[in-house]
Amino acid sequence: MQTRVRFAPSPTGQVHIGNIRTAIFNWLYARHTGGKFLLRIEDTDRERSTSEAVTQLLAELSWLGLDFDDTPLYQSSRLAEHVEHSKSLVDCGHAYPYKKGEGGEVVLFRIPWNADSFPNIRDCQSASIALHPDVPVRINANGLSYAQVSKKGKPMPTESCLAGFRELEIYDTDRAKIFSLEPVVDEILAGGQTVSLENVSEMTFLRREVYFNDLIKGELSKPLDSMKDLVIVRSDGTPVFHLANVVDDCHQNITHIIRGDDHIENTYRHVLLFQALGAAPPTYAHLPMIINAQGKPYSKRDGDAYLGEFRDNGYLADAVLNYLTLLGWSPGEDLEKMNRGELIERFTLDRVQSSPAQMDINKLQHMNGLYIPELGEADFIQEVRAVVKNEPWGKDVDSNYFSAVARLMQSRTKLYSQAKEWGYFFEEDISFDEKFVRKHLQKPGIAEALLEIGESLRSTPFELPSIEQAIHDVTDKRDIKQGKLNMPLRIALTGVPTGAGIYEIILLLGEETVLRRLNHAITVLCTSG
RNA sequence: GACCCCAUCGUCUAGAGGCCUAGGACACCGGGUUUUCAUCCCGGCAACACGGGUUCGACUCCCGUUGGGGUCACCA
């Protein structure tokens, strides 16, 4: 059977890094298995969903190169279908209308009492819970409400679904059995009746649990007595996430659900919903969270780490994709830099880590620096040109000159945004870091040496070999160790201690600018302070 | 609090009982190449959370503790 996976974001804001990582893993899995990667826009939250968010989402996916199959499914278009399914669930007894709290009547999905058609429910063993005598036990179609006894002997009010208490028997403070559920359960489930029991001390029951096998975490399970029937239709008649999500997964024939492990609690309920709807639950794979520097998962409330910010800060889509894939997954060999094809070929869910991963911006940057030099010259020039346009000096640069600068800088650029620091190639007046000026220019003999370099440059052809030679001549003549003058020269001409090769920089800057800056250095910088 | 999940260098990870004196990468610190910058090369620092089992043998399996995270909505 062909695998079908989906990415199902709700368009309520920017796409954050954890979200997009889920998309990446789904996409990789689909492409690896030759299946389909579907996009479903879960826009049922009308209050918060916006079309701008959808537009942005599509743009982000496209930027990262995550191409999806078929047209996106908008969940809001399926409202009628969702409601229809809730009705059929009510009809066959898997759901029921219920007056809950202040609002009107909602529809609740019933954690199944009768598990015959629910292969994901199994018996565990008999269990007993001590009850607080001050709080009566109430039992009705909605479930059980009771109070456990805390360590300090205080009542801990608890509500559970009825299904958690097969073979339930309740004892009073005299250890006498005062209630058995099995004989009356049909009546209770049929509705209306509420049983209330006072002076209780203990209850015993057969514990059952829902379980499923997770491709990443292995077998996961949760006891039914720790679960409650859940709202699937609001009092205003609109379906909630659980219903819509599961119904649409059925509709789209999703075979594998790959999502964050913050959904595990939901999955216990969703597998039952699938079965109630007459469908086999898909295979699940719960990804560990990506956590921020504070060790917390990125959330919608996190002001940072949106995918768009990485793009805006000069990261390459390929580098981001590569890096994010390595967060929580590894190919099992000492291999990190992989292109799309290699990632797709190697990606399997069983190699996904089950513990959370922390984003390391250093490593991303390093990865980016591996990709930039490989970029086609024209592409690189185009990208950095866009960055530079917003700089005061970058509006109307000569395109040939800019290209020459970009070519020189490409191999030492780790982020497109670093092109903002190229101002010294274009500005008339450049700024100097006082610290470096003091360290490299305000030393004995430097002014004289720079003066000589200026003179020497003036009298030779302005070409790479002769420029280099001119500088060497000065160091030789003044008996300065070779290379010793390069740093002062660099500071004098660019203001900063790092950049491209100094000879190439001189050539690009041109004789006039070089001589002017040398003069400035000699007359102002070397002497001041 | 209850339930669920997780646990190897600072970070990402390799490791499916003996290949482990625990490997790689980023970061950091040295050194070399580049007569300069970046790249590159070499080296260093640095981890199996703790306690019990199981076993001839445990980073690997089991239990417990501790710590971290998630969920407990008519939000998705």
Side-chain angles (χ1 to χ4, degrees), chain A residues 8-12 42-45 47-49 75 98 100-108 148 150-151 154 156 158-160 214 217 220-223 225-228 230-242 244-245 260-268 286 288-289 291 293 295-297 300 323 326-337 350-351 353-367 369-370 373 408-414 468 471-472 475 480-490 494 496-505:
Chain A
S10 50
T12 55
E42 302 213 332
D43 54 352
T44 50
D45 187 344
E47 303 278 296
R48 297 190 300 151
S49 299
Q75 193 160 59
Y98 188 74
K100 195 167 185 271
E102 297 300 299
E105 201 167 65
V106 296
V107 177
L108 294 182
Q148 303 184 54
S150 76
K151 289 186 195 97
K154 293 196 169 150
M156 297 198 305
T158 313
E159 285 179 40
S160 304
D214 188 276
K217 306 211 181 236
L220 264 21
S221 65
K222 186 180 177 72
D225 54 290
S226 69
M227 298 173 74
K228 278 159 69 175
L230 62 141
V231 175
I232 55 175
V233 179
R234 300 185 185 94
S235 53
D236 66 1
T238 58
V240 304
F241 162 72
H242 303 290
N245 189 262
D261 67 8
D262 52 337
H263 277 287
I264 287 180
E265 297 289 328
N266 289 333
T267 301
Y268 293 120
H286 287 97
M289 303 273 92
I291 56 182
K296 304 280 183 188
K300 284 172 188 158
Y323 176 73
L326 256 20
L327 233 43
W329 177 83
S330 83
E333 28 188 332
D334 292 333
L335 191 60
E336 298 202 323
K337 186 165 175 296
D350 59 356
R351 292 203 57 84
Q353 201 84 2
S354 55
S355 52
Q358 196 171 83
M359 181 94 182
D360 181 2
I361 203 76
N362 273 321
K363 193 149 180 172
L364 208 209
Q365 207 171 101
H366 173 260
M367 181 77 59
L370 256 30
L408 183 61
M409 296 304 288
Q410 180 169 1
S411 67
R412 35 216 121 197
T413 300
K414 284 190 169 183
E468 203 167 333
I471 294 163
H472 290 174
T475 50
I480 296 171
K481 205 178 162 201
Q482 291 219 321
K484 237 351 190 197
L485 227 38
N486 282 324
M487 192 48 88
L489 198 49
R490 180 179 290 281
T494 71
V496 290
T498 57
I502 190 63
Y503 313 120
E504 284 91 344
I505 290 175

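Reminder, nothing fancy here: chain letters follow the sequence lines and each chain counts from 1.
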Inter-nucleotide [atom1] distance ([N], [M]), Å rounded:
{"N": "B:G44", "M": "B:C50", "atom1": "P", "result": "25 Å"}
{"N": "B:C4", "M": "B:A22", "atom1": "P", "result": "37 Å"}
{"N": "B:C61", "M": "B:C45", "atom1": "C1'", "result": "33 Å"}
{"N": "B:A49", "M": "B:G10", "atom1": "C1'", "result": "16 Å"}
{"N": "B:C62", "M": "B:A25", "atom1": "P", "result": "32 Å"}
{"N": "B:A47", "M": "B:A14", "atom1": "C1'", "result": "13 Å"}
{"N": "B:C26", "M": "B:C20", "atom1": "C1'", "result": "23 Å"}

Which part of the nucleic acid, if any, lies within contact of [X], taking any heavy atom under 4.0 Å across all strands shown: a base, the sugar-phosphate backbone alone, or nothing?
{"X": "A:Val106", "result": "base"}
{"X": "A:Thr238", "result": "nothing"}
{"X": "A:Tyr323", "result": "nothing"}
{"X": "A:Asn245", "result": "nothing"}
{"X": "A:Ala357", "result": "sugar-phosphate"}
{"X": "A:Leu220", "result": "sugar-phosphate"}
{"X": "A:Gly104", "result": "base"}
{"X": "A:His242", "result": "base"}
{"X": "A:Pro223", "result": "sugar-phosphate"}
{"X": "A:Ser330", "result": "sugar-phosphate"}

Is the phosphate of [N], meaning OP1 or OP2, less than 4.0 Å from a side-chain N or O of [X]?
{"X": "A:Arg351", "N": "B:A14", "result": "yes"}
{"X": "A:Ser355", "N": "B:C5", "result": "no"}
{"X": "A:Gln353", "N": "B:A14", "result": "yes"}
{"X": "A:Ser226", "N": "B:A2", "result": "no"}
{"X": "A:Thr44", "N": "B:A76", "result": "yes"}

Tell whether A:Ser354 reaches the base of B:C6 with its side chain through a donor-acceptor pair below 3.5 angstrom.
no
Between [Y] and [X], is there a side-chain heavy-atom distance shorter than 4.5 Å?
{"X": "A:Ser49", "Y": "A:Pro11", "result": "yes"}
{"X": "A:Lys363", "Y": "A:Leu326", "result": "no"}
{"X": "A:Asp45", "Y": "A:Phe241", "result": "no"}
{"X": "A:Asp225", "Y": "A:Thr158", "result": "no"}
{"X": "A:Lys222", "Y": "A:Ile264", "result": "no"}

Partner lookup for [N], please. Criteria are Watson-Crick or G-U wobble with both distances under 3.5 angstrom; report none if nothing qualifies.
{"N": "B:C50", "result": "B:G64"}
{"N": "B:U55", "result": "none"}
{"N": "B:C72", "result": "B:G1"}
{"N": "B:U33", "result": "none"}
{"N": "B:C28", "result": "B:G44"}

Per-nucleotide protein contact along nucleotides 17-27 of chain B, 5' to 3', at a 4.0 Å heavy-atom cut-off (B base, S sugar-phosphate only, - neither), is ------BBBBS
Tell me if a side-chain donor or acceptor on [X] pairs with a main-chain N or O of [Y] at a distance below 3.5 Å.
{"X": "A:Arg351", "Y": "A:Trp329", "value": "no"}
{"X": "A:Ser10", "Y": "A:Thr12", "value": "no"}
{"X": "A:Arg490", "Y": "A:Ala500", "value": "yes"}
{"X": "A:Asp214", "Y": "A:His286", "value": "yes"}
{"X": "A:Tyr323", "Y": "A:Asp360", "value": "yes"}

Given [options], the nucleotide with the shortest approach to the side chain of [X]:
{"X": "A:Ser235", "options": "B:C12, B:C74, B:A76", "result": "B:C74"}
{"X": "A:Ile264", "options": "B:C6, B:C4, B:A76", "result": "B:C4"}
{"X": "A:Asp45", "options": "B:C12, B:A76, B:C5", "result": "B:A76"}

Could you please spell out the steps behind the side-chain contact (heavy atoms from CB on, under 4.5 Å) verdict for A:Leu364 and A:Met359?
CA-CA 8 Å; A:Leu364 208 209; A:Met359 181 94 182; 4.2 Å; yes
What integer distance in Å separates [X]:[atom1] from [N]:[atom2]?
{"X": "A:Leu326", "N": "B:U11", "atom1": "CG", "atom2": "P", "result": "17 Å"}
{"X": "A:Glu333", "N": "B:A14", "atom1": "CD", "atom2": "C1'", "result": "11 Å"}
{"X": "A:Met409", "N": "B:U39", "atom1": "CE", "atom2": "C1'", "result": "13 Å"}
{"X": "A:Met227", "N": "B:A2", "atom1": "CE", "atom2": "P", "result": "19 Å"}
{"X": "A:Lys228", "N": "B:C4", "atom1": "NZ", "atom2": "P", "result": "17 Å"}
{"X": "A:Ile291", "N": "B:C12", "atom1": "CD1", "atom2": "C1'", "result": "11 Å"}
{"X": "A:His263", "N": "B:G70", "atom1": "NE2", "atom2": "C1'", "result": "11 Å"}
{"X": "A:Asp262", "N": "B:C72", "atom1": "CG", "atom2": "C1'", "result": "14 Å"}

Whichever of A:Lys222 and A:Gly499 has the more 5' nearest nucleotide on RNA chain B, that residue is A:Lys222
So which one's nearest nucleotide on RNA chain B is more toward 5', A:Gly332 or A:Asp43?
A:Gly332
Taking it one step at a time, do A:Tyr503 and A:Asn486 satisfy side-chain contact (heavy atoms from CB on, under 4.5 Å)?
CA-CA 9 Å; A:Tyr503 313 120; A:Asn486 282 324; 3.5 Å; yes
A:Val231/A:Tyr98 under side-chain contact (heavy atoms from CB on, under 4.5 Å): CA gap, chis, key distance, verdict
CA-CA 9 Å; A:Val231 175; A:Tyr98 188 74; over 6 Å; no
Short N/O separations, protein against nucleotides 41-43 of chain B, under 3.5 angstrom:
none

